[in-house]
Amino acid sequence: MSDYRPQDLDRKWQQRWAASRAFEVTEDPSRPKFYCLEMFAYPSGHAHVGHVRNYIIGDVMARTKRMRGYNVLHPFGWDAFGLPAENAAIKGGIHPEVSTRGNIAHMKGQLQRLGISYAWEREFATCDPEYYKWNQWLFIRMFERGLAYRRRSSVNWCPSCRTVLANEQVVDGGCWRCGTPVETRDLEQWFFRITAYADELLDDTVALTRWPEKVLTMQRNWIGRSEGARVTFAMEGNPSTPIEVFTTRIDTIYGATFVLLAPEHPLVSSLADASTDPASFRRQVQAFRAQDRAARMSGAVEKQGFDTGVRAINPFTDQPVPVWVANFVLGEYGTGAVMAVPAHDERDFEFARKFDLPIRVVVTPDGRPVAADALAGAAVAYGTLVDSGPYSGLPSAEAQKRMAAVARERGIGEATIQYRLKDWGISRQRYWGTPIPMIYCDKDGIVPVPDDQLPVVLPPMAQFTGRGDSPLAQVPEFVHVTCPACGGAARRETDTMDTFVDSSWYFYRFADPRNERMPFDPARVKYWLPVDFYSGGVEHAILHLIYSRFFARVFRDIGLVDHSEPFSQLLTQGMVLKDGAVMSKSKGNVVDPDTMLQQYGADALRLYVMFVAPPEKEVEWSDAGLEGSFRFLARVWRLVDRWCETVGGADVVLPDAGDSLNAAERALRRKTHETIRRVTADIEERQQLNTAVSAMMELVNDLYAFSEQTVTGGPARRPDAAAPRGGVAERRETIGVVREALEALVLTLSPFAPHTGAEMWERLGQAVTVAEAAWPAYNPSVARAEEIVVPVQVNGKVRSRLTVSAQASEQELERLALADPAVRTYTSGKTVRKVVVARGRLVSVVVQ
RNA sequence: GCGAAAGUGGCGGAACUGGCAGACGCGCCAGACUUAGGAUCUGGUACCCGAGAGGGUAUGGGGGUUCGAGUCCCUCCUUUCGCACCA
């Protein structure tokens with residue numbers, strides 16, 4: 001008799017795995033590979049059970065695939081650069097390097113105590129110069145290809161702290177530290193030309209069949225491709241400054257009765273100068289620009305605008321139309337100017353009604369004119385053109401083609417495609433990130449750092465003041481450099497890269513994490529990639545996953561990889577809530593895995609988190625549920641404890657056809673194989689890990705019932721009493737069947753509960769460890785039931801059940817059903833209209 | 001507002017291709033074993049009527065297709081998530 005003491009098992013097996021480097025792998029062309037990856041972690045200090053759920057999901061997959069014969073790569077690392085560490089340094093004076101390394105050490109310990117089967121030999125952190133060197137290398141390759149470029153762009157600026165703020169440091173429009181309202185400043189910054197891949201990133205989403213549709217939809221919306229046309233409106237009396245607009249509805253251009261400019265539009269400034277009251281003009285523009293930041297968050301912003309006093313010429317009607325500045329027109333999208341067609345656009349309609357601007361109906365459902373006064377709202381549907389000169393009578397789609405073609409002939413526009421996706425601004429005026437490897441020379445301009453001088457290492461910094469722009473600009477030894485081209489005095493770029501750069505290719509590095517000559521060896525990446533199973537939070541549905549898809553294409557075009565999509569299958573795991581809210585330190589509702597481990601061991605926690613709900617679903621944490629999983633493991637433990645001696649040394653070969661088995665033995669055997677089938681499919685095909693666990697629970701329940709029936713004493717009725725420990729009355733067949741069941745159970749359970757599984761496997765007398773053991777084989781002929789129960793419905797209600805051979809024919813079933821006494825009480829005196837037989841499932845009788 | 005997903009016992013959730021709704025677990029009730037049990041084992045547990053056998057009603061509401069609907073179609077309601085003036 002031995003008690004279930006999971007803490008001892010955790011320690012024992014974790015030590016063994018570490019000592020034998022059990023989960024390290026090498027490329028092996030003779031075996032199918034499986035690259036299982038969970039999104040790496042930001043080392044915040046402590047992992048809570050919400051984070052940990054993701055690692056457990058991945059670990060169940062990895063361990064299962066290993067047992068299924070795959071060569072499994074299951075690595076882990078740290079997304080270690082980022083703002084929180086730097087903020088902490090500003091507040092508390094601890095250098096980011098120090099706090100980050102400390103946090104990594106602690107979290108690594110947490111994951112190891114959970115028994116996650118990582119190839120720790122491959123671990124790295126993005127703040128390792130050996131890693132970020134290759135960020136810099138890749139940046140230079142992108143610069144060479146025109147994929148990295150520099151332009152002016154605005155940043156958040158706190159006038160009080162005199163520093164640049166990241167978006168997440170702007171809280172309710174104010175600075176995170178002092179609350180001062182944030183201003184906008186224009187700085188020269190670096191961008192990645194992701195828009196060059198917009199079409200490809202969009203089109204290829206259809207090939208991602210193993211991604212959640214939700215994520216693909218979000219990505220498609222993010223890219224936001226829209227087909228339309230650019231059209232030029234000349235300025236009345238000033239042909240040198242035309243206004244270009246983008247529209248998806250050129251078919252409605254005869255209804256364009258005014259033009260709207262974004263407050264940021266380049267023309268606005270000169271229009272202000274020319275206006276009758278430049279000061280008031282500018283004041284209004286400034287007010288609109290300020291709205292963007294603060295008002296946008298606080299709900300619906302009312303549409304506002306004012307007349308610039310100038311007019312533009314509608315190039316199709318040749319009529320002058322007023323030009324207004326409007327707060328709802330976006331400066332960054334399209335051309336920053338729109339033609340307003342109030343009759344056919346809701347926003348324009350609202351605006352026109354508010355400011356009493358003219359409305360012209362130019363598209364109607366049937367081609368018959370409609371008075372503008374009759375409109376209750378904008379008519380946005382396609383239809384037939386009216387009052388549109390030579391285009392009247394054409395359907396919208398046809399008109400769009402012809403009008404775009406005519407615009408092109410006349411040199412006033414053309415059909416074009418517009419994206420919502422913008423180029424990726426990667427400059428960060430921060431310390432704790434990858435230095436951008438560029439040098440500015442008065443003579444040679446922008447010069448990349450030569451490859452052989454990489455990495456550009458972050459200089460140690462004594463003090464973090466949180467003032468000024470880029471912290472690196474305050475380190476003279478870092479800034480002053482000689483120009484690689486002319487050898488003269490030059491200065492370094494002092495911005496660092498967005499940390500999303502780090503996370504956009506780390507999954508390649510895991511294939512070859514110590515390479516000193518290249519970001520990775522293409523041959524190794526060719527073997528391991530793409531990632532077969534990638535899991536992480538939905539919060540990365542857009543940015544991380546789209547940037548990674550972008551980087552994969554860049555690597556492909558550089559010639560380092562031969563695929564376009566880095567992740568074959570994506571699983572977005574749901575969050576773990578506590579008291580109905582996401583766990584967070586500030587809310588004080590964090591469930592610490594270590595506390596749970598001390599009480600119940602790693603396996604109970606792992607099992608519970610897998611059992612409570614399907615992986616994608618959000619779940620509410622429950623201590624009672626965890627307790628239940630612990631009880632289940634103890635129940636399995638007692639079962640194995642009771643049988644291990646009997647079964648351990650036994651060598652019983654079960655016949656394929658179970659002729660010599662009695663009914664109970666055959667039933668147990670059937671259950672065993674049915675369980676293998678269900679668990680395997682639930683893990684591999686459906687990733688429905690909760691039902692895999694319940695299938696195993698059913699088998700355990702059956703094993704208890706079986707022991708109860710067939711063996712005196714029962715398995716654990718009296719764990720403390722000197723109950724006979726097997727070997728008494730058992731038939732060889734019984735032992736064989738139980739042994740098969742227990743082995744299947746322990747094997748299928750071990751990905752979920754690896755420590756308990758390994759120990760029980762050992763106790764069952766197995767020579768190899770459970771992690772190396774082969775997954776149990778499913779035998780369909782054993783799993784098939786000989787006898788089945790078929791319900792019989794009369795007019796849709798179940799009235800009887802037939803116990804028949806599984807081979808019973810449809811005719812047989814119909815005959816038996818109609819002859820059944822219970823059925824006859826409902827059919828007697830009535831006419832049987834119809835009998836439907838679903839073989840093996842059900843008989844449905846219709847009477848009248 | 002637009003888009004997507006989801007609504008099943010007291011709770012978490014099952015139900016694979018349209019075929020016995022509620023697997024499995026939690027909780028609760030009872031029994032056994034016990035000095036004791038918050039351990040363990042066994043049984044019960046959707047709701048209503050009925051002593052019982054049994055009957056009826058149930059998968060957010062309403063309608064439809066079908067021998068048969070949690071599952072498919074239409075419509076409405078609610079919740080969650082995403083996008084939120086993208087012209």
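Order of the sequence lines fixes the chain letters, A, B, ..., with proteins taken first and strands second; residue numbering starts at 1 for each chain.
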Determine the contact category for [X]: base if any of its heavy atoms lies under 4.0 Å from a base atom, sugar-phosphate if only primed atoms, P, OP1 or OP2 are that close, otherwise nothing.
{"X": "A:Arg799", "result": "sugar-phosphate"}
{"X": "A:Val835", "result": "nothing"}
{"X": "A:Asn701", "result": "sugar-phosphate"}
{"X": "A:Asn221", "result": "nothing"}
{"X": "A:Gln793", "result": "base"}
{"X": "A:Val836", "result": "base"}
{"X": "A:Lys797", "result": "sugar-phosphate"}
{"X": "A:Val790", "result": "nothing"}
{"X": "A:Ser226", "result": "sugar-phosphate"}
{"X": "A:Glu627", "result": "nothing"}
{"X": "A:Phe349", "result": "nothing"}
{"X": "A:Lys617", "result": "sugar-phosphate"}
{"X": "A:Ser844", "result": "base"}

Across every strand shown, the nucleotide meeting Watson-Crick or G-U wobble geometry with B:C67 (both distances under 3.5 Å) is B:G19
B:G7 - base-pair partner by Watson-Crick or wobble geometry, distances under 3.5 Å = B:C77
Rounded to whole Å, please give me the gap between [atom1] in [X] and [atom2] in [N].
{"X": "A:Glu618", "N": "B:G82", "atom1": "CD", "atom2": "C1'", "value": "13 Å"}
{"X": "A:Arg841", "N": "B:C16", "atom1": "CZ", "atom2": "P", "value": "10 Å"}
{"X": "A:Glu814", "N": "B:C67", "atom1": "CD", "atom2": "C1'", "value": "12 Å"}
{"X": "A:Tyr600", "N": "B:A39", "atom1": "OH", "atom2": "P", "value": "11 Å"}
{"X": "A:Glu616", "N": "B:G12", "atom1": "CD", "atom2": "C1'", "value": "16 Å"}
{"X": "A:Glu620", "N": "B:G10", "atom1": "CD", "atom2": "P", "value": "19 Å"}
{"X": "A:Ile223", "N": "B:G82", "atom1": "CD1", "atom2": "C1'", "value": "15 Å"}

Of all the nucleotides listed ([options]), which has the minimum atom distance to the side chain of [X]?
{"X": "A:Gln688", "options": "B:C24, B:C83, B:A15", "value": "B:A15"}
{"X": "A:Tyr704", "options": "B:G19, B:C41, B:A87", "value": "B:C41"}
{"X": "A:Arg686", "options": "B:A84, B:G82, B:A15", "value": "B:A15"}
{"X": "A:Phe611", "options": "B:U40, B:G19, B:G25", "value": "B:G25"}
{"X": "A:Asp345", "options": "B:G27, B:A87, B:C24", "value": "B:A87"}
{"X": "A:Ala613", "options": "B:G13, B:C26, B:C24", "value": "B:G13"}
{"X": "A:Arg635", "options": "B:C41, B:C24, B:A87", "value": "B:C41"}
{"X": "A:Phe246", "options": "B:A23, B:A87, B:C20", "value": "B:A87"}
{"X": "A:Phe328", "options": "B:A87, B:A14, B:C41", "value": "B:A87"}
{"X": "A:Leu842", "options": "B:G25, B:G19, B:G3", "value": "B:G19"}

Taking atom [atom1] in both [N] and [M], compute the distance separating them and give it to the nearest angstrom.
{"N": "B:G61", "M": "B:C11", "atom1": "P", "answer": "15 Å"}
{"N": "B:G70", "M": "B:G18", "atom1": "C1'", "answer": "11 Å"}
{"N": "B:U45", "M": "B:G22", "atom1": "P", "answer": "11 Å"}
{"N": "B:G38", "M": "B:G44", "atom1": "P", "answer": "22 Å"}
{"N": "B:G7", "M": "B:C76", "atom1": "C1'", "answer": "14 Å"}
{"N": "B:C74", "M": "B:U66", "atom1": "C1'", "answer": "16 Å"}
{"N": "B:A58", "M": "B:U75", "atom1": "P", "answer": "24 Å"}

Where does the angle between the aromatic ring planes of A:Trp324 and A:Phe355 fall among parallel (under 30°), tilted (30 to 60°) and perpendicular (over 60°)?
-> tilted
Judged by modelled atom types alone, do A:Arg220 and A:Thr205 share a side-chain donor-acceptor pair under 3.5 Å?
-> yes
Using a cut-off of less than 4.0 Å, is there contact between a side-chain N or O of A:Asn690 and OP1 or OP2 of B:G25?
-> no
Ignoring backbone atoms, test whether A:Arg420 places a side-chain nitrogen or oxygen under 4.0 Å from the OP1 or OP2 oxygen of B:A84.
-> yes
Ring centers of A:Tyr547, A:Trp424 separated by less than 6.0 Å = yes
Test of ring centre spacing under 6.0 Å for A:Trp637 and A:Phe630 = no
Check for a donor-acceptor pair, side chain of [X] on one end and backbone N or O of [Y] on the other, with a separation under 3.5 Å.
{"X": "A:Arg420", "Y": "A:Tyr333", "result": "no"}
{"X": "A:Asn54", "Y": "A:Ser535", "result": "yes"}
{"X": "A:Asp682", "Y": "A:Ala692", "result": "yes"}

Interatomic distance, A:Thr675 atom OG1 to A:Met697 atom CE [nearest 0.5 angstrom] | 13.0 Å
Between A:Gly796 and A:Arg249, who's closer to the 5' end of RNA chain B by nearest nucleotide?
-> A:Gly796
Counting only heavy atoms not in A:Lys354, do more than 12 fall under 6.0 Å of its NZ?
-> yes
